[in-house]
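The analysis underlying the following values was restricted to heavy atoms, covering all of them including side chains, and did not include hydrogens, waters or symmetry mates.
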Amino acid sequence: MQEIVKAAFLGMLGVMIAMQFKQSRPEYGTLIALVLGILIFGLALRQIGAVLTQIERINGYLGDSGKYLVILLKVICITYVCDFAAGICKDSGYSAISGQIELLGKISVLISGLPILFAVIDQIYSFL
């Protein structure tokens with residue numbers, strides 16, 4: 001909970017500072033947004049230890065099917081990275097580049113999820 005409050009206040013403070021530069025030096029606003037994004041992401045990384053512990057626990061339950069958990073984590077990482085990068089580009093006024101990053105993310109998620117789709121199809125055919 002404390003990390004969320006820290007990130008919220010850091011974000012609001014950064015937005016207020018960036019707004020001060022919006023008229024005179026808009027490039028500073030973009031730079032401030034980028035730095036704040038990295039700082040808030042750093043706060044999120046501090047929570048990764050707890051997440052990894054739970055993932056190991058889930059992996060223990062899955063046994064041989066643990067490879068699907070790896071795919072799920074890969075997809076989650078792709079979505080977060082693409083969302084972060086697209087948000088920075090959109091805030092900087094480059095919405096076309098933002099759209100391309102989002103498209104690449106969607107295609108990457110689709111490609112990463114194909115092994116799960118094939119496993120489901122194999123299961124269906126095994127019952128026929």
**Q** Calculate, to the nearest 0.5 Å, the distance between atoms CD1 and CD1 belonging to Ile121 and Ile116 respectively.
**A** 12.5 Å

**Q** Using the rule that two of Ile, Leu, Val, Met, Phe, Trp, Tyr join whenever any of their side-chain heavy atoms come within less than 4.5 Å, decide whether Ile32 and Ile38 are in one cluster.
**A** no

**Q** Would a single hydrophobic cluster contain both Leu72 and Tyr80, if residues Ile, Leu, Val, Met, Phe, Trp and Tyr are joined by side-chain heavy-atom contacts under 4.5 Å?
**A** yes

**Q** Under 4.5 Å between any side-chain heavy atoms of Ile78 and Lys74, yes or no?
**A** yes

**Q** Can Arg25 be said to sit on top of Tyr28's aromatic six-ring, NZ or CZ under 6.0 Å from centre and within 45° of the ring axis?
**A** yes

**Q** Nearest 0.5 Å, what's the CD-CG distance between Glu56 and Leu69?
**A** 8.5 Å

**Q** Linking I/L/V/M/F/W/Y whenever any side-chain heavy atoms sit under 4.5 Å apart, do Leu36 and Leu31 land together?
**A** no

**Q** What's the separation between atom CG in Leu10 and atom CD1 in Ile40, rounded to the nearest 0.5 Å?
**A** 5.0 Å

**Q** In the structure I gave you, are the side-chain heavy atoms of Thr79 and Asp83 within less than 4.5 Å of one another anywhere?
**A** no

**Q** Which atom pair, heavy atoms only, marks the closest approach of Ile88 to Leu34?
**A** CD1-CA, 3.9 Å

**Q** At what distance, to the nearest 0.5 angstrom, does CD1 of Ile101 lie from CZ of Phe84?
**A** 11.0 Å

**Q** Please report the shortest heavy-atom distance between Tyr68 and Pro115, naming the atom on each side.
**A** CE2-O, 4.4 Å

**Q** State whether the number of non-hydrogen atoms from other residues, nucleotides or ligands found under 6.0 Å of Tyr94 atom OH is greater than 12.
**A** no

**Q** Are Leu104 and Val81 connected in the hydrophobic side-chain network, where two residues link if heavy atoms are under 4.5 Å apart?
**A** no

**Q** Could you measure the distance from the CD atom of Gln100 to the SG atom of Cys82? Nearest 0.5 Å is fine.
**A** 12.0 Å

**Q** Working to the nearest 0.5 Å, report the span between CD of Gln54 and CG of Asn59.
**A** 12.5 Å

**Q** Assigning hydrophobic clusters by single linkage (Ile, Leu, Val, Met, Phe, Trp, Tyr; side-chain heavy-atom cutoff under 4.5 Å), is Ile48 placed with Phe41?
**A** no

**Q** Looking at Val109, is its backbone amide N or carbonyl O close enough to the side chain of Ser112 to form a donor-acceptor pair, meaning the two atoms are under 3.5 Å apart?
**A** no

